[in-house]
Every structure is written in C-alpha cells, then in structure tokens.
Protein chains: 2
Amino acid sequence: MQVLNPDFQEAMRSNFLFMDINKEDFATILQGTSVCELRAGEILFSQKQPATDFFLLVEGKIKISLLSFEGTQKVVDIINPGNTFAEVIILNGMEGYPVNAKALSNATVLRINAQKYIQVLSNSSEACLKVISRLSARLHWLMNEMERLSLHNASYRLISYLLEDIHHESVEETKVMLGAPKRIIASRISVTPETFSRTLKNLTKDDLIEVFDEHILVKNPSKLREMLFI
Amino acid sequence: MQVLNPDFQEAMRSNFLFMDINKEDFATILQGTSVCELRAGEILFSQKQPATDFFLLVEGKIKISLLSFEGTQKVVDIINPGNTFAEVIILNGMEGYPVNAKALSNATVLRINAQKYIQVLSNSSEACLKVISRLSARLHWLMNEMERLSLHNASYRLISYLLEDIHHESVEETKVMLGAPKRIIASRISVTPETFSRTLKNLTKDDLIEVFDEHILVKNPSKLREMLFI
DNA sequence: GTAATGACTTGATCAACATCAAGGTCATCC
DNA sequence: GGATGACCTTGATGTTGATCAAGTCATTAC
C-alpha cells in the first residue's frame, strides 16, 4: 500500500475535518486518499457523476460551477488552497455530484474516499463531536473577523484590535504587546502601514495611547471602548 | 413536563446545530432545554463553574470574557441573537466553563442541556454528519461573503455580485434579474444607493451592461470577469 | 385633477484613505 | 567607517465613496 507524502498528511491534519481524528482512524482515511495533479482547465468531476470522494485542495484554484438548462454555467464557488470541497455533498449522502469542478490553474488536490471517511466518523461519535466543535469555533471566529472588518474606518478597526488584546473591565493603563512588525498588524486590520502609523499618531495626540517599539500603552481603555459604543 | 414555546423551538430549528435533528431526537433535546430571562449585567455562568449546558441567544447581547491573573478581563466574544455559545466547550467535553458570560443588555437565552444533546448526536451518526455538513456549508458561504466584501471598491463588488448571479462560461449577453429593489442590493454589497446608481451608470457608459427596471443586461460577461482577474 | 409618497437619479461637497515620494532610524555586513 | 536594507514616519496629492440636497418619475390617495 502506497503511503501518502507526509507533507500532504500535514495539509490534511491542518484542516478542521481531519484535525481531531485519532491516529488509527486517520490511517484508515489515508487508505482511501490519493493525490491528483490537475492541469489548468482539467475537469476533476462533473455533474451527475457518482459522488464517491471529496477533496482537499493543496495548491491552485478550483472552480465549482453549476450547469443549468441551455448550457448556462453559474459559478458557485472558487476554492482556495487549504480548503475542502464537495464534502457537503458527501456528508449529505447525495448520490451524484450536483456541480462541476474544474481546475482554473494547475492544481494539486487530495482525493478522499467518502465511504472511508464516513465510516470513521460513524464509528466514533467522539470524533464527530470534535469536528463539530472545530467547525463551530471557526464559525465564531470568522463572524468576529467579519464584524471587525466591517467597522467603518481605520481608527475603529485599530481600536477594536487593541481592545481585543487587552480589555480590562477596569480603567487602568495596559500594555498591548504587538509581537509582530507594525506593517503586519496593519495588514491584519486592512490598512496601509502609512495609515496605520498616522492613526496611531492621532490616538496618541488624543492622549488615548502611547506608542513604543515593542508595545502600545493603552492609557484610557474605557474611553476607547466608548468609541466603539460597545 | 413543560413544553418549550413554539417560537423558541423555531429559533432553535433555524440554528445549524438543531436544523437536521429528527423529530424524536429533537424532542429529547427539548426535554433538557429551558428559557432564561437575563437582566442587563446579570451573569449567566462564570469561569470554573461546571459546564453542564450550552446556550442559544434569542434576544439581546452576551459578552464572553476571560479572567486572567490580577483580575484582567479580556473580552473573547460578543454574542448576537441567533447564535449559540459555549457549545464548543461542551463538545470538547470540558469540565468547567473556561470563560464568563454576562448579559450586556436584557437578554433571552435558551439553556440546552449538554448531556441530552450529546446523547442524541452520539446515537445518531447520521445527525452528526448532517450537522457537520451544515456547518461546513456555512463556512464556505461565509468565506465567500468575506472575500466579496473585501473587494476593494464598489465596482468590483457590484461586478462580483453580477457574475455570481449569471456566470456563463460563454461570452453571450445575459440577463440578471434583480428580484429586489436596487437599494436592497446596494446594501447587500455595502454601498449607498447613490453610489450603486452611479456605478451602474459607469458600467453602462463602458458598454459593459445595460440597466432596466427589473433586470440588468450584462453585455460582456468575459470582460467583466477579466476585471476581477478571476 | 392635485397632492403625497417612495424609488431612483444627479450634482456638489467633504472626509477618509491609498498612493507616491522622500526622509529618518537602526541593525547588519563588508 | 560606510554601505545596505528593513521598517517606520511624514508630507503632498489624488481617488473613492458617503452625505446632503434637489429633482424626476410613477404610483397611490384624496
């Protein structure tokens, strides 16, 4: 039996659907897993074809599309590396793929046998619960992130970032360590380094924070909190 | 045995964790479910308290926070109506809550007995798989939505919206019905009606689309697609 | 008929940010 | 010691899109 490249195993392990599967069970799943190298434009599966596998994209881009009457093709999803696709179809026990999957670029995908995976989950409610837990946690995180990014302006997003990292109930001064170059944090909250710098300066001018090399001193947490009307 | 108000049952059913549970199983879960009315500021549970239930917020806002050494309180999450919380703790089988939950406003929450819920899932791998499937689908959707909203400017978001709704592979003209007032669609893609109107006009000027009352005629799908570098 | 309403458009103005360009500081390397 | 390169800051300028205000239709109300 051929063994899956450790890098690929790693890739699977870092996906929520496989993260918490125990060793033996994971080995079982690996038995049903193989690597597909796709050329740009190549079709991975198409509508109505029996749904026997789902997939984890390692590299490249995959387009999921739907063919309606008269050949109209609607793009349902574009898959990026690290994500699984068609797992929803599998988990719902559908007979055939209701969509088409086509490589938009050269791509590497792992083809995971549905039956093996389902077998593992079916036999281990523990694994199931863990997976549900992971997905649920990820959902919470994503919704938070979305909320933050939808905060209208740069100051708000910065403040929200600072408060997330400290958030006393108290009114005391607090250090926020920024364990990463400022430009990284800037991109995390979706502003340019320049704007980030200027925003920090503004908050400093208003005597709300003080900026150091390795950390930011939040001088007035409660006032900042007010600015977010939380 | 007291029966849970149908409205509340409805609320549960529209959450992914309960959506696909069959009738009997759902009844079992309901046996372990009760309503809590919280006053603003009231504490629902606190750190280290045994974790016997998780919750679905029906109305109000709940703050989830973490108490570290020396009384520093860090806000981990703000829960909004429709969402569950503490389910991750439960599903991971943790003994006690690692966080505090406090009502930020008057709030209505459903308290769901962990043991009952887990029992149901444990006995039905089918239900488990359905739940995983739902969560997974929701994740895909959210990630898509995030991507769209992170598209830098209004034209991009509008184009992305249009393409999502048609997306021929072909180059032919296509109608996109907009089954909702324009201002609704505008808010969907996070622009004001004014900007929406102007953006449509621009695309019309470039001969890419044509605007009608009930639909938009996309005259050059492939050119639009290029503009998104997909 | 006239008035009132609601959805959309259009124009003018303004604030927020990105971008471009030019320094400044600091650590590392030769 | 001087050169190099990362990272950050600062200033000038341009674009984008929100906001305010006014105007167009079409529909419904009186």
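Numbers restart at 1 for each chain; the letters A, B, ... are given by sequence-line order, proteins then strands. These figures come from a predicted structure and were not determined experimentally.
Pro181(A) comes within 4.0 angstrom of sugar-phosphate atoms only, judged by non-hydrogen atoms across all strands, and of no base. As judged by a 4.0 angstrom heavy-atom cut-off over every strand, Ser190(B) is placed among residues touching the sugar-phosphate backbone only. Using a 4.0 Å heavy-atom criterion, one finds that Arg183(B) contacts the sugar-phosphate atoms exclusively.
Summarising the geometry, the separation between CD1 on Ile189(A) and C1' on dA18(C) is reported as 15 Å, rounded to the nearest angstrom. Between the P atom of dG17(D) and the CG atom of Asn153(A) lies a distance of 16 Å, rounded to the nearest Å. Spacing between atom NZ of Lys182(B) and atom C1' of dT9(C) amounts to 10 Å, rounded to whole angstrom units. The distance between atom CZ of Phe196(B) and atom P of dT9(C), rounded to the nearest whole Å, is 8 Å. To the nearest angstrom, C1' of dT16(D) lies 11 Å from CZ of Arg157(B). Between the CZ atom of Phe212(B) and the P atom of dC8(C) there is a distance of 17 Å, given to the nearest Å. Taking atom CZ of residue Arg198(B) and atom P of nucleotide dA12(C), one finds them 10 Å apart after rounding to whole Å. Protein atom CG of Asp213(B) is 19 Å distant from nucleotide atom P of dG6(C), rounded to whole Å.
Note that the CG atom of Leu135(B) and the CZ atom of Arg138(B) stand 10.0 Å from one another [nearest 0.5 Å]. Here the CD-OG1 distance, from Glu37(B) to Thr108(B), works out to 4.0 Å after rounding to the nearest 0.5 Å.
Glu210(A) has a carboxylate O that lies under 4.0 Å from a charged side-chain N of Lys219(A), or vice versa, which qualifies the two as a salt bridge.
Of the side-chain N and O atoms in Thr192(B), none sit less than 4.0 angstrom from OP1 or OP2 of dG17(D). Between Lys201(A) and the phosphate of dT9(D), there is no side-chain N or O to OP1/OP2 separation shorter than 4.0 Å. Not one side-chain nitrogen or oxygen of Thr195(B) sits closer than 4.0 Å to the OP1 or OP2 atom of dG17(D).
Cation-pi contact between Arg13(B) and Phe26(B): present, with separation from the ring centre below 6.0 Å and deviation from the ring axis of at most 45°.
Looking at which nucleotide of DNA chain C each of Pro193(B) and Glu194(A) is closest to, the 5′-most match is held by Pro193(B).
Relative orientation of the Phe45(B) and Phe85(B) rings is parallel, given thresholds of 30° and 60° on the angle between their planes.
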